[in-house]
Amino acid sequence: YFPETHGITFRIQISVKELLDTDVLLKLLFHLPVNYPSTLPDISVNSDQLTRAQCMDVKDKLLEQAKKHLSEPMVHELVLWIQQHLKNIIRQSAAVCSKKTTLSRGASTENGIWMLFLHLDHMRAKAKYVKTVEKWASDLRLTGRLMFMGKIILILLQGDRSNIKEYLIHQKTSKVDVDSSGKKCKEKMISVLCETKVQSQHTRFQTFEVKDYSTLDELQKEFEAAGLATLFSEFVPPLLK
């Protein structure tokens, strides 16, 4: 740098304690122009613990503060100020973000509870596979059934559409089973029978359960009790052929 034409640039890293129970490492870059402090510094903010939007918020707030100190050295003041106020900035940022999400959800037709109906060809490592499916359903707040009837394996899930999509990604990309030689493998033999919005006539499942059915009739009754008789008649009998 040539100080007489470009001013000076320096980096400051500060750790702010106890923000959402973690320390946040803020990387601040101040570029002081030649006529600083009569001119505001350029500031950039980075942090691995914060989102891009949160870093932008921090930068905007720092520039607002900088205006109050115009024509007096301010970098030290700004660093002290951000250490004290980072928590509030992040909280406000989160509140605005959740408000935006709620608004966009309300306006979106993807809103509401969705249902996913899957058919699996087989499970070689059944106990491990079942545990994995239960964990995903629990993590993604999905309810429904993992159903075994003879050789038929069905998964019926209900929940937020984005979580349903997330589940499908897990199901298709994780090593959930083992192949014939016992090596871990991804699920390749899965069919998405149906993915649709839950209608008013459908009963919401309150929990996720793993169930074994000894007859087709028993399985059919489970669907009928949930208002899903049509789903059953459309997709399950063809699997028996």
Side-chain angles (χ1 to χ4, degrees), residues 1-108 110-111 131-132 135-142 159-176 184 186:
Y1 286 115
F2 301 98
E4 65 282 2
T5 53
H6 293 277
I8 40 175
T9 300
F10 55 91
R11 293 167 200 278
I12 297 176
Q13 287 202 29
I14 53 169
S15 180
V16 183
K17 292 272 172 220
E18 303 166 58
L19 183 76
L20 314 174
D21 303 325
T22 52
D23 288 0
V24 171
L25 188 66
L26 271 190
K27 297 167 194 165
L28 305 173
L29 185 70
F30 290 94
H31 175 70
L32 309 184
V34 187
N35 42 3
Y36 167 85
S38 314
T39 309
L40 292 179
D42 276 329
I43 304 171
S44 78
V45 178
N46 280 298
S47 174
D48 293 341
Q49 289 84 18
L50 301 181
T51 63
R52 247 185 102 104
Q54 286 171 329
C55 287
M56 289 298 289
D57 280 347
V58 171
K59 177 186 163 172
D60 292 344
K61 293 284 186 285
L62 276 171
L63 284 169
E64 270 174 38
Q65 275 309 108
K67 286 175 189 162
K68 297 177 185 173
H69 294 281
L70 203 55
S71 75
E72 56 187 75
M74 63 184 83
V75 172
H76 182 60
E77 297 298 327
L78 294 178
V79 170
L80 291 178
W81 185 86
I82 200 62
Q83 281 176 306
Q84 290 164 3
H85 294 86
L86 185 63
K87 235 182 211 175
N88 292 338
I89 296 171
I90 302 307
R91 278 206 195 107
Q92 283 172 353
S93 178
V96 170
C97 182
S98 67
K99 200 170 174 187
K100 277 184 188 160
T101 315
T102 321
L103 287 173
S104 64
R105 278 214 179 127
S108 155
E110 300 208 343
N111 181 9
K131 229 179 205 148
T132 305
K135 184 180 181 331
W136 288 340
S138 158
D139 288 351
L140 293 165
R141 297 189 301 285
L142 300 174
D160 191 79
R161 189 173 196 191
S162 56
N163 291 357
I164 291 266
K165 292 210 173 300
E166 189 68 28
Y167 178 91
L168 257 183
I169 293 168
H170 282 327
Q171 182 78 60
K172 288 176 176 175
T173 58
S174 306
K175 291 188 173 180
V176 280
K184 287 183 178 180
K186 291 179 186 173

#### Entry: Euclidean distance, Lys59 NZ relative to Ile89 CD1, rounded to 0.5 Å
14.0 Å
#### Entry: Straight-line distance of Leu78 CG to Leu28 CG, nearest 0.5 Å
9.0 Å
### Query
Hey, what do you get for CG (Leu50) to CE (Met56), rounding to the nearest 0.5 Å?
13.5 Å
### Task
List for me each residue that meets side chain to side chain donor-acceptor pair (under 3.5 Å) alongside Asp48, sequence neighbours excluded, and say none if there are none.
none
### Task
Return the orientation label for the Trp136 and Tyr167 ring planes: parallel under 30°, perpendicular over 60°, tilted otherwise.
perpendicular
Pairs of donor and acceptor atoms involving the side chains of residues 40-47, under 3.5 Å and at least two apart or interchain, shall be tabulated with distances.
| unit_1 | atom_1 | unit_2 | atom_2 | d |
| --- | --- | --- | --- | --- |
| Ser47 | OG | Leu25 | O | 2.9 |
| Ser47 | OG | Gln49 | N | 3.2 |
| Ser47 | OG | Gln49 | OE1 | 3.2 |

### Task
Might you point out which heavy atoms bring Asn163 and Leu140 nearest each other, and give the distance in Å?
ND2-O, 2.9 Å
### Task
Return yes when atom NZ of Lys131 has more than 12 non-hydrogen atoms of other residues, nucleotides or ligands closer than 6.0 Å, and no otherwise.
no
### Query
Heavy atoms, side chains only, cut-off 4.5 Å: are Asp160 and Arg141 in contact?
no
#### Entry: Lys135: partners by side chain to side chain donor-acceptor pair (under 3.5 Å), with sequence neighbours left out
Asp139
### Query
Who pairs with Ser138 by side-chain contact (heavy atoms from CB on, under 4.5 Å), at least two apart in sequence or on another chain?
none
## Note on the structure
When rounded to the nearest 0.5 Å, the distance separating CD1 of Ile8 from NE2 of His31 is 9.5 Å
### side chain to side chain donor-acceptor pair (under 3.5 Å) partners for Asp60, two or more places apart
none
### Query
How long is the span from the CD1 atom in Ile12 to the NE2 atom in His76, to the nearest 0.5 Å?
9.5 Å
### Query
ring pair (Phe, Tyr, Trp, His ring centres under 6.0 Å) with Tyr36: which residues, sequence neighbours excluded?
none
### Message
Test of understanding: with side-chain contact (heavy atoms from CB on, under 4.5 Å), list the residues that count as partners of Leu168, not counting sequence neighbours.
### Response
Leu116, Leu118, Lys172, Val192, Glu195
Can you give me every donor-acceptor pair (side chain of residues 61-73, partner residue at least two apart or in another chain, under 3.5 Å) with its distance?
| unit_1 | atom_1 | unit_2 | atom_2 | d |
| --- | --- | --- | --- | --- |
| Gln65 | OE1 | Lys68 | NZ | 3.0 |
| His69 | ND1 | Glu72 | OE2 | 3.3 |

